[in-house]
Protein chains: 2
Amino acid sequence: MSHTSYVSEATLRRLPTYLHLLRTHHQQGAEQVSCSAIGKELRLDPTQVRKDLEVTGSVGRPRIGFPVADLIEAIETFLGWNNVHDAFLAGAGNLGYALLGYDRLKDYGVHIVAAFDNDPRKIGTEVHGRQVLPIGRLESLVQRMHVRIGIITVPADHAQTVADRMVAGGILAIWNFAPVSLRLPQHIIVQNEELYYSLAALSRQVGDRLRSPREKGG
Amino acid sequence: MSHTSYVSEATLRRLPTYLHLLRTHHQQGAEQVSCSAIGKELRLDPTQVRKDLEVTGSVGRPRIGFPVADLIEAIETFLGWNNVHDAFLAGAGNLGYALLGYDRLKDYGVHIVAAFDNDPRKIGTEVHGRQVLPIGRLESLVQRMHVRIGIITVPADHAQTVADRMVAGGILAIWNFAPVSLRLPQHIIVQNEELYYSLAALSRQVGDRLRSPREKGG
DNA sequence: ATTTTATCGAGAATTATTTCTCGATTGAAA
DNA sequence: TTTCAATCGAGAAATAATTCTCGATAAAAT
């Protein structure tokens, strides 16, 4: 079934958006939804929506569309969001704090079980119910507790070191918020969070608009 | 010069990565850098790097590469990251708290000057030196202070309402962290933050790997 | 019962992006 | 001075993503 067939990054980006929309529809009692309807709401081409949803294995019916509940289930399964995996978070700064406080992370397949930091003032404290442990224990605890996912929210210049400790402990995947390209063995799954991309896109457009304000037509 | 010529989303995603790498090189004293070198470090095709950098207007020299300082400057200018714009943040929850605490946001063109919330316990307090004001004052203050950028970190079901208030006040751009597709006038610049995409990509790969562990070849 | 309309799914056409090729340029080495 | 190696920049080729086209299907309307 859900074999690792190739799915484009663009499609993978859109799937969570569909899922959120479908959940809203589901809450409002909708039982069927068409790709045209989804496309209209998200301003996407209906064929694109259809091709995207195809990867989840869900099938629709002409004139009717797709069953909402099935589709939600199919996307969640496809994304692996109904199997939650334990995670360690390294770097209990502002961003780490926010992630620890975000309960619904487990709806997206990730459950943070502990945080790690090198600041003695933070070590031993609790953040949103999770202990902050010394970074020196990261490797051995990854190994002992068979933790699969490591989240890196330390400053850029410590990210590689922390990642190396995780890998040494036998981690499977790393979610990296530091703006560096980590050097890791081939078999490690890495996801770099590009918070900066949004700021790039936003800032560029704002700058352009202020330079040539409200040009109509063209 | 920096006219709003079309630049692909993929290129725009990579530019901040180049910039971070270049800053590292610059700190280490490098004066010139070639696309081949950048490509090797980031595991990208050299031609792709060259074509990406082309959009910034910076020119390189055969055999030598690009002058690091110029290139940094060119990318920053292109992205608009050396002109900082004031921003209001709506939703002083965990994520809002983290953004307010992230000082370096101004290195990316955004300076949050105040936060807004509807929780009476938060209103009147300060978060990382910025006041939390009642959400009811959002519209009028956007107007009065000519704030350009609105950041939405409220729950999904309030996002549209908050966005409407910002637009009514005359905002130019919205950075939306809520997982909904906002309905806004054409002229408003919107950037949706897809934190969920990373979780989709990560979770999917982790699930696949655990299902068919370490298949070699094929 | 027949017609109409909305939609799916498959494949073709289009468009965009990435990768390859090659001549020109430049500094370093012979 | 001449040769060599690395790299740029432009354009061609290859690959990938999106959009269009169309026959099939299924429910609602006539």
Side-chain angles (χ1 to χ4, degrees), chain A residues 4-18 21-22 25 30-72 74-75 78 181 194 197 200-201 204, chain B residues 4-18 21-22 25 30-72 74-75 78 181 194 197 200-201 204:
Chain A
T4 323
S5 61
Y6 176 74
V7 172
S8 80
E9 186 181 311
T11 294
L12 212 44
R13 264 180 211 291
R14 287 187 294 262
L15 285 173
T17 312
Y18 299 142
L21 182 68
L22 291 167
H25 280 224
E31 297 192 352
Q32 310 283 336
V33 66
S34 73
C35 293
S36 329
I38 294 173
K40 202 169 234 171
E41 288 194 75
L42 301 176
R43 269 145 297 184
L44 296 173
D45 185 280
T47 309
Q48 182 169 64
V49 176
R50 203 169 295 124
K51 288 221 196 298
D52 284 341
L53 296 180
E54 201 172 37
V55 306
T56 68
S58 193
V59 288
R61 285 195 303 166
R63 175 78 208 229
I64 298 299
F66 292 76
V68 178
D70 288 14
L71 202 44
I72 289 172
I75 298 177
F78 179 82
S181 186
E194 303 163 326
Y197 159 68
R204 182 174 136 73
Chain B
T4 322
S5 60
Y6 176 75
V7 173
S8 81
E9 186 182 310
T11 294
L12 212 44
R13 267 182 207 291
R14 286 186 294 264
L15 285 173
T17 312
Y18 299 141
L21 181 67
L22 290 167
H25 279 224
E31 296 192 355
Q32 309 283 336
V33 66
S34 72
C35 293
S36 331
I38 294 173
K40 202 169 234 172
E41 288 193 75
L42 301 176
R43 270 145 298 185
L44 296 173
D45 185 282
T47 309
Q48 182 168 64
V49 176
R50 203 169 296 125
K51 286 220 196 301
D52 284 342
L53 296 180
E54 201 171 36
V55 306
T56 69
S58 192
V59 289
R61 286 195 303 167
R63 175 78 209 226
I64 298 298
F66 292 76
V68 179
D70 287 14
L71 201 44
I72 290 173
I75 297 176
F78 180 82
S181 186
E194 304 162 325
Y197 158 68
R204 181 174 137 73

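Order of the sequence lines sets the chain letters (A, B, ...), proteins ahead of strands, with each chain counted from 1. Small disclaimer: the values here were computed from a predicted structure and weren't measured.
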Could you tell me from which nucleotide to which nucleotide of DNA chain D, 5' to 3', there is an atom under 4.0 Å from chain B heavy atoms?
-> D/dA5 to D/dG11
Return the set of residues passing side-chain contact (heavy atoms from CB on, under 4.5 Å) with B/Thr17 (not counting sequence neighbours), or none when no residue passes.
-> B/Leu42
B/Tyr6 side-chain N/O to C/dT17 phosphate OP1/OP2 under 4.0 Å = yes
Residues in salt bridge (charged side-chain N to carboxylate O under 4.0 Å, His left out) with B/Glu31, at least two apart?
-> none
side-chain contact (heavy atoms from CB on, under 4.5 Å) with A/Ala200: which residues, sequence neighbours excluded?
-> B/Pro16, B/Leu79, B/Trp81
Kindly state each residue pair satisfying salt bridge (charged side-chain N to carboxylate O under 4.0 Å, His left out) with at least one member in residues 34-44 of chain A, sequence neighbours excluded.
-> none
A/Arg13: partners by side-chain hydrogen bond (donor to acceptor under 3.5 Å, both in side chains), with sequence neighbours left out | A/Glu9, B/Glu194
Salt bridge (charged side-chain N to carboxylate O under 4.0 Å, His left out) contacts touching residues 49-61 of chain A (sequence neighbours left out) = A/Arg14-A/Asp52
Hits for side-chain contact (heavy atoms from CB on, under 4.5 Å) against B/Ser8, two or more places apart or cross-chain, chain-then-number order -> B/Tyr6, B/Ala10, B/Thr11
Minimal heavy-atom distance between A/Ile64 and A/Gln32, with the atoms involved, is CG2-OE1, 3.3 Å
Can you name the residues that form a side-chain contact (heavy atoms from CB on, under 4.5 Å) with A/Ala69, not counting sequence neighbours?
-> A/His26
Heavy-atom closest pair (A/Pro46 atom, A/Cys35 atom, distance to 0.1 Å) is O-CB, 3.7 Å
Heavy atoms only: give me the nearest B/Phe66-B/Leu71 pair and the separation to one decimal.
-> CB-CD2, 3.5 Å
Using a cut-off of strictly less than 4.0 Å between a heavy atom of the residue and any atom of DNA chain D, enumerate the qualifying residues of residues 8-16 of chain B by number.
-> none
Interatomic distance where CD belongs to B/Glu54 and P belongs to C/dT19 [whole Å] | 16 Å
Interface with DNA chain D, restricted to residues 60-68 of chain B and to heavy atoms under 4.0 Å = B/Gly60, B/Arg61, B/Pro62, B/Arg63, B/Gly65, B/Phe66
Heavy atoms of B/Val49 and B/Tyr18 approach each other most closely as CA-OH, 3.6 Å
A/Leu15 and A/Ile75 have their tightest heavy-atom pair at O-CG2, 4.1 Å
Residues from residues 31-48 of chain A lying under 4.0 Å of DNA chain D - heavy atoms | A/Asp45, A/Thr47, A/Gln48
